[in-house]
Amino acid sequence: MDTLDTMHHHHEAAHFLAALDDDWAALVATVGPCLHAPKPAREPWQALLRAVAYQQLSVRAGDTMIARFLALYGAADFPTPEQVCATSPDALRGCGFSGRKADTIRGIAEAARSGVVPTLAKAREMEDEALVARLTALHGIGRWTVEMMLIYTLGRTDLLPADDLGVREGYRRLRRLDRPPTPRQMTELALPWSPYRTAASWYLWRVPR
């Protein structure tokens with residue numbers, strides 16, 4: 001989608017969600033227009049690497065680790081997969097990555113070099129579940145990590161990450177429940193929100209506390 005198409009889609013999504021019921025209407029009115037902004041210029045392997053960096057960390061901590069990672073290569077832009085493959089695990093751990101994350105990062109770079117992680121052009125032609133199946137076969141890559149790439153890099157507009165605690169906790173607060181739904185329950189609950197499940201996720205991440 002270009003910028004105008006994206007803005008039109010977000011407008012339609014907000015209108016659709018607000019019409020679902022009073023809870024959704026109040027949420028959309030409180031949060032305002034959907035401002036979801038994918039980064040479509042990133043290659044999938046770069047998006048996966050970034051998602052791994054931010055796993056179980058605050059945004060600030062993840063930003064710091066990515067900045068240190070980029071500094072290893074003396075540039076603000078991403079290194080090549082070949083450069084990452086040639087980087088020692090100790091150097092990656094020096095950026096703040098755990099040993100497990102360092103191994104995963106090197107594995108992502110190797111998979112990009114060998115073609116297991118598709119290029120951006122190829123990934124755009126693939127279905128969501130095909131990408132999930134292909135990329136979760138990599139060590140340390142789970143469904144959530146791939147879904148973040150689908151949402152933020154490929155700009156998929158009808159995807160709800162049911163495993164995401166923020167989405168499920170947002171729904172709990174939206175409905176004033178005692179506990180969040182399970183991932184399976186969340187998947188079922190989100191079916192009526194199609195084809196705007198990505199926008200629904202964006203709003204659920206922003207339900208007031």
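Every value quoted in this text rests on a predicted model; they were computed, and no experiment measured them.
- The CZ atom of Arg113 lies 11.0 Å from the CH2 atom of Trp45; values are rounded to the nearest 0.5 Å.
- Not one N or O on the side chain of Glu12 forms a donor-acceptor pair closer than 3.5 Å with the backbone of His9.
- The distance from the OG1 atom of Thr153 to the CZ atom of Arg124 is 9.5 Å, given to the nearest 0.5 Å.
- Side-chain contact between Met126 and Arg134 is present, with heavy atoms from C-beta onward closer than 4.5 Å.
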**Item:** Stepwise salt bridge (Lys or Arg N to Asp or Glu O under 4.0 Å) check, Arg173 with Glu169
**Value:** CA-CA 6 Å; Arg173 295 197 300 272; Glu169 177 61 18; 3.6 Å; yes
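- Side-chain N or O atoms of Lys101 include none that pairs as donor or acceptor with a backbone N or O of Gly140 at under 3.5 Å.
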**Message:** Evaluate His36 against Trp202 for side chain to side chain contact (heavy atoms under 4.5 Å, CB included), listing each step before the verdict.
**Reply:** CA-CA 7 Å; His36 171 56; Trp202 187 89; 3.6 Å; yes
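- Here CD of Glu147 is found 11.5 Å from CG of Leu131. Values are rounded to the nearest 0.5 Å.
- Side-chain contact between Leu174 and Trp24 is present, with at least one heavy-atom pair separated by less than 4.5 Å.
- Here the side chains of Pro79 and Leu70 are in contact, with some heavy-atom distance below 4.5 Å.
- Inspection of the Asp164 and Trp205 side chains reveals an N or O donor paired with an N or O acceptor under 3.5 Å.
- Residues passing the side-chain hydrogen bond (donor to acceptor under 3.5 Å, both in side chains) test with Tyr203: none are found, sequence neighbours excluded.
- Summarising the geometry, atom CG belonging to Leu27 is positioned 10.5 Å from atom CG belonging to Leu20; distances are rounded to the nearest 0.5 Å.
- Closest of all the heavy-atom pairs between Thr136 and Gly142 is CG2-C, 3.6 Å.
- When all heavy atoms of Ala123 and Arg156 are compared, the pair lying nearest together is O-NH2, 3.1 Å.
- Residues Phe69 and Phe78 place their aromatic rings such that the two centres sit under 6.0 Å apart.
- Atom CG in Leu49 sits 13.0 Å away from atom CD in Glu43 (nearest 0.5 Å).
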**Message:** Checking Trp144 against Met148 for the side chain to side chain contact (heavy atoms under 4.5 Å, CB included) test, could you report, in this order, the C-alpha distance in whole Å, the side-chain angles of both residues, the deciding distance, and whether it holds?
**Reply:** CA-CA 6 Å; Trp144 178 88; Met148 293 304 101; 3.5 Å; yes
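- The hydrophobic clustering, which links ILVMFWY residues whose side-chain heavy atoms are closer than 4.5 Å, places Leu165 and Ile151 apart.
- By the 6.0 Å contact criterion, CZ on Arg100 is open, its count of non-hydrogen atoms from other residues, nucleotides or ligands being 12 or less.
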**Item:** Verdict with supporting geometry, Arg197 and Val167, side chain to side chain contact (heavy atoms under 4.5 Å, CB included)
**Value:** CA-CA 11 Å; Arg197 285 178 287 188; Val167 166; over 6 Å; no
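- The backbone N or O of Ala190 lies less than 3.5 Å from no partner atom in the side chain of Ser194, so there is not a single donor-acceptor pair.
- Taking the side chain as every heavy atom from C-beta outward, Val52 and Phe97 never approach each other to under 4.5 Å.
- Taking every heavy atom of both residues into account, Ala199 and Cys34 meet most closely at CB-SG, 4.2 Å.
- Between Arg176 and Asp23 there is a salt bridge, with a side-chain nitrogen of the basic residue lying less than 4.0 Å from a carboxylate oxygen of the acidic one.
- Listed here is the closest heavy atom pair of Val117 and Ile108: CG2-O, 4.2 Å.
- Using modelled atom types, one side-chain atom of Arg172 and one backbone atom of Leu177 make a donor-acceptor pair closer than 3.5 Å.
- For the pair Val84 and Tyr73, the minimum side-chain heavy-atom distance is below 4.5 Å.
- When every heavy atom of Ala109 is checked against every heavy atom of Pro81, the shortest pair comes out as O-CB, 3.4 Å.
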**Request:** Carefully, step by step, assess His139 and Thr104 under the rule side chain to side chain contact (heavy atoms under 4.5 Å, CB included).
**Result:** CA-CA 6 Å; His139 172 73; Thr104 298; 3.8 Å; yes
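- Note on Tyr196: it does not cluster hydrophobically with Leu191, by side-chain heavy-atom contacts below 4.5 Å among ILVMFWY residues.
- Ser201 has its side chain out of reach of Leu159: every pair of non-hydrogen atoms, C-beta onward, lies at least 4.5 Å apart.
- To the nearest 0.5 Å, the span separating CD on Glu188 from CE on Met186 amounts to 10.5 Å.
- In this structure the side chain of Asp128 never reaches within 4.5 angstrom of the side chain of Asp158, judged on heavy atoms.
- The existence of a salt bridge linking Asp63 and Arg68 is excluded, since no basic side-chain nitrogen approaches an acidic carboxylate oxygen closer than 4.0 Å.
- Two residues are said to be in side-chain contact when any heavy atoms from C-beta on lie closer than 4.5 Å; Leu120 and Arg42 fail this criterion.
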**Request:** Apply the test salt bridge (Lys or Arg N to Asp or Glu O under 4.0 Å) to residues Glu129 and Arg143: give CA-CA distance (whole Å), side-chain angles for both, the deciding distance (0.1 Å), then the verdict.
**Result:** CA-CA 10 Å; Glu129 290 304 317; Arg143 185 180 184 92; 2.5 Å; yes
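- Residue Ala47 comes nearest to Met149 through the heavy atom pair CB-CG, 3.7 Å, listed as atom of the first residue, atom of the second, then distance.
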